[in-house]
Amino acid sequence: MRLALALLSLLFASACAQVTTPRLGSPERTAIMDSLRVPLEKELKQRLQFRIEALRQSGAWAFMKALPLRQDGRSVNYGKTPYAQAARRRSFTGEVCALFQKSGKKWKVVKYLLGEPAAAHGRWWKTYGAPKAIFELGK
């Protein structure tokens, strides 16, 4: 009985977890973005910044939708990347969606998708156990 109550309390607490957006320039936001910047810069072989469309955090989870840009603010040059052919198609958006999880004091990228339709992340909450509310971008 105690175990059932403890599990119920844990589920209720996670369901009620507050969803926030880390402030621009805050250490939390910088840490989240830097955790994605490293693998994405390595993959695209370009220094990047992000134009963030949405960044939502709840507890140890965060979700971000953004447009990667070069450091000078221009569009990413996909010509010499694994995305070159896809970038020539109209279906390639160039947007990146990423799921992050905090472990200790460090944010880690759980999964990211670049240039794929936004709906591709639609089931990440279920697959990875992240709070569904961080993916609800229209709220």
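Just so you know, residue 1 is the first one in the sequence shown, and it goes up from there.
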Separation between [atom1] of [X] and [atom2] of [Y], rounded to the nearest 0.5 Å:
{"X": "Thr127", "Y": "Lys111", "atom1": "OG1", "atom2": "NZ", "value": "9.0 Å"}
{"X": "Arg123", "Y": "Lys132", "atom1": "CZ", "atom2": "NZ", "value": "8.5 Å"}
{"X": "Gln49", "Y": "Arg74", "atom1": "CD", "atom2": "CZ", "value": "11.5 Å"}
{"X": "Ser35", "Y": "Phe100", "atom1": "OG", "atom2": "CZ", "value": "4.5 Å"}

Inset, instruction - Any chance you could lay out the side-chain contact (heavy atoms from CB on, under 4.5 Å) test for Glu53 and Glu95, step after step, and finish with the verdict? - result: CA-CA 9 Å; Glu53 183 178 317; Glu95 289 182 328; 3.1 Å; yes

Student check: side-chain heavy atoms of [X] and [Y] closer than 4.5 Å:
{"X": "Trp107", "Y": "Leu36", "value": "no"}
{"X": "Ser58", "Y": "Thr20", "value": "no"}
{"X": "Arg70", "Y": "Gln46", "value": "yes"}
{"X": "Phe50", "Y": "Leu69", "value": "no"}
{"X": "Ile134", "Y": "Trp125", "value": "no"}
{"X": "Tyr78", "Y": "Leu44", "value": "yes"}
{"X": "Ile32", "Y": "Leu55", "value": "yes"}
{"X": "Arg23", "Y": "Arg29", "value": "no"}

Inset, instruction - Could you tell me which non-hydrogen atom of Leu114 sits nearest to which non-hydrogen atom of Pro68, and how far apart they are? - result: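 The pair with the smallest heavy-atom distance is CD1-CG, 3.9 Å.
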
Inset, instruction - Might you point out which heavy atoms bring Ala98 and Tyr112 nearest each other, and give the distance in Å? - result: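 Looking at all heavy atoms of both residues, the shortest contact is CB-CB, 3.8 Å.
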
Hydrophobic clusters here meaning ILVMFWY residues chained together by side-chain heavy-atom distances under 4.5 Å, can you tell me if [X] and [Y] are in one?
{"X": "Val109", "Y": "Tyr83", "result": "yes"}
{"X": "Val96", "Y": "Val38", "result": "no"}
{"X": "Leu67", "Y": "Met33", "result": "no"}

Inset, instruction - Show the numbers, then the answer: is there a side-chain contact (heavy atoms from CB on, under 4.5 Å) between Glu41 and Arg47? - result: CA-CA 6 Å; Glu41 284 183 348; Arg47 302 268 306 146; 3.4 Å; yes

Inset, instruction - Taking only Lys NZ, Arg NE, NH1 and NH2, and the carboxylate oxygens of Asp or Glu, determine whether Lys102 and Glu28 approach each other closer than 4.0 Å. - result: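 Glu28 and Lys102: salt-bridged.
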
Inset, instruction - Flag yes if more than 12 heavy atoms outside Gln85 fall under 6.0 Å of its CD atom; otherwise flag no. - result: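 Incorrect, the count does not exceed 12.
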
Legend entry - Any donor-acceptor pair under 3.5 Å from Gln71 side chain to Gly73 backbone: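 No: the side chain of Gln71 does not pair with the backbone of Gly73.
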
Inset, instruction - Would you confirm whether Arg56, through its side chain, and Ala133, through its main-chain N or O, come within 3.5 Å as a donor-acceptor pair? - result: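 The answer is yes, because a donor-acceptor pair under 3.5 Å joins these two groups.
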
Legend entry - Parallel, tilted or perpendicular, as decided by the 30° and 60° cut-offs, for the rings of Phe63 and Phe135: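 Because their plane-to-plane angle lies in the 30° to 60° range, the rings of Phe135 and Phe63 count as tilted.
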
